[in-house]
**Q** 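Sending over a structure as structure tokens; questions will come in a sec.
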Amino acid sequence: MDAVATAYRLVTSLLDLAEAPATALVRLYRERWKIETGYCELKSTVLGGRVLRGRHPTAVTQETWALLVAYQALRTAMSDAVLHRPDIDPDRAAFTIALNTARDQIIRAAGIIPHPRTDLVGRASAPPYSTASYPPAENAPGPA
């Protein structure tokens, strides 16, 4: 199959070809859209349209860093998944599929830890033990 050349028209206010050659601008535009796509993935996919819950600037900063760490971990896993396939660009891996797969793995792993103290949404649950199952302390007074 022969490669087909495609022509694009670039409209810009930058008129100095030495300062801003068209090929460099096209590469920068492509990189810009990768960044925009990353923002969209964070806002729409990871947050699911929800807003940050922090009520204080410090809490919002902490939540933002947590989102960025989770996003980077998922992107790293995606890159690792296609590492053995040099013909596949890691940027072409579907983020939504990777996110849903990661969520499914977490949900399936829910029964691995017996008697968890938190559930999958982070609410504190009842302790996995009953205080009645412990023997009384040696010098503790008996029941009255």
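Computed from heavy atoms alone, side chains included, the values below leave out hydrogens, waters and symmetry copies. Treat the numbers as computed from the prediction; the structure is a model and nothing was measured.
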**Q** Could you give the distance from CG (Asp80) to CZ (Arg75), rounded to the nearest 0.5 Å?
**A**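 One gets 12.5 Å once the value is rounded to the nearest 0.5 Å.
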**Q** How would you list, by chain and number, every residue that makes a side-chain contact (heavy atoms from CB on, under 4.5 Å) with Ser79, sequence neighbours excluded?
**A**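 So Ser79 forms a side-chain contact (heavy atoms from CB on, under 4.5 Å) with Pro90.
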**Q** Applying side chain to side chain donor-acceptor pair (under 3.5 Å), name anything that partners Asp87, two or more places apart in sequence or on another chain.
**A**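 Testing Asp87 for side chain to side chain donor-acceptor pair (under 3.5 Å), a comparison that skips the adjacent residues, returns Arg85.
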**Q** If you look only at pairs with a residue in residues 59-69, which of them pass as a salt bridge (charged side-chain N to carboxylate O under 4.0 Å, His left out), with sequence neighbours excluded?
**A**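 The answer is Arg53-Glu63.
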**Q** Could you identify which residues cluster with Trp33, counting Ile, Leu, Val, Met, Phe, Trp and Tyr as linked when any side-chain heavy atoms lie under 4.5 Å apart, either directly or through a chain of such contacts?
**A**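 Result for Trp33 is Tyr29.
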**Q** Any chance you could measure Ile97, atom CD1, to Met78, atom CE, to the nearest 0.5 Å?
**A**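 Answer rounded to 0.5 Å: 9.0 Å.
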**Q** Tell me, please, which residues at least two apart from Leu83 pass side-chain contact (heavy atoms from CB on, under 4.5 Å).
**A**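 Listed in chain order: nothing, the list is empty.
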**Q** To check you understand the geometry: which heavy-atom pair defines the closest contact between Val60 and Gly54, and what is its length?
**A**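 It is CG2-O, 3.4 Å.
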**Q** Are more than 12 heavy atoms, taken from residues, nucleotides or ligands other than Arg32, located less than 6.0 Å from that residue's CZ atom?
**A**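 Counting other residues, nucleotides and ligands, CZ of Arg32 exceeds 12 neighbours.
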**Q** Quick one: ring pair (Phe, Tyr, Trp, His ring centres under 6.0 Å) pairs with a partner in residues 55-98, sequence neighbours left out?
**A**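 Sorted result for residues 55-98: Tyr71-Phe95.
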**Q** Could you work out, with side-chain contact (heavy atoms from CB on, under 4.5 Å) as the rule, every residue matching Ala24, not counting sequence neighbours?
**A**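 Residues passing side-chain contact (heavy atoms from CB on, under 4.5 Å) with Ala24: Pro21, Arg27.
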**Q** With Glu19, which residues qualify under side chain to side chain donor-acceptor pair (under 3.5 Å), at least two apart?
**A**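 Side chain to side chain donor-acceptor pair (under 3.5 Å) list for Glu19, sorted by chain: empty.
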**Q** Write out all pairs satisfying salt bridge (charged side-chain N to carboxylate O under 4.0 Å, His left out) with one or both partners inside residues 97-106, taking only residues at least two apart or from two chains.
**A**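 The answer is none; no pair qualifies.
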**Q** Nearest 0.5 angstrom please: Thr101 OG1 to Leu74 CG, how far?
**A**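 With rounding to 0.5 Å, OG1 (Thr101) is 9.0 Å from CG (Leu74).
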**Q** Residues in side-chain contact (heavy atoms from CB on, under 4.5 Å) with Ser13, at least two apart?
**A**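 Result, side-chain contact (heavy atoms from CB on, under 4.5 Å) vs Ser13: none returned.
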**Q** Looking at residues at least two apart in the chain, or sitting in another chain, which of them share a side chain to side chain donor-acceptor pair (under 3.5 Å) with Arg55?
**A**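 Counting only residues at least two positions away or on another chain, Arg55 forms no side chain to side chain donor-acceptor pair (under 3.5 Å).
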**Q** Linking Ile, Leu, Val, Met, Phe, Trp and Tyr by side-chain heavy atoms under 4.5 Å, what else ends up with Ile88?
**A**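 Once heavy-atom contacts under 4.5 Å are chained together, Ile88 belongs with Val82.
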**Q** Quick check for you: to the nearest 0.5 Å, what is the distance between Thr23 atom OG1 and Leu25 atom CG?
**A**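 CG of Leu25 is found 8.0 Å from OG1 of Thr23.
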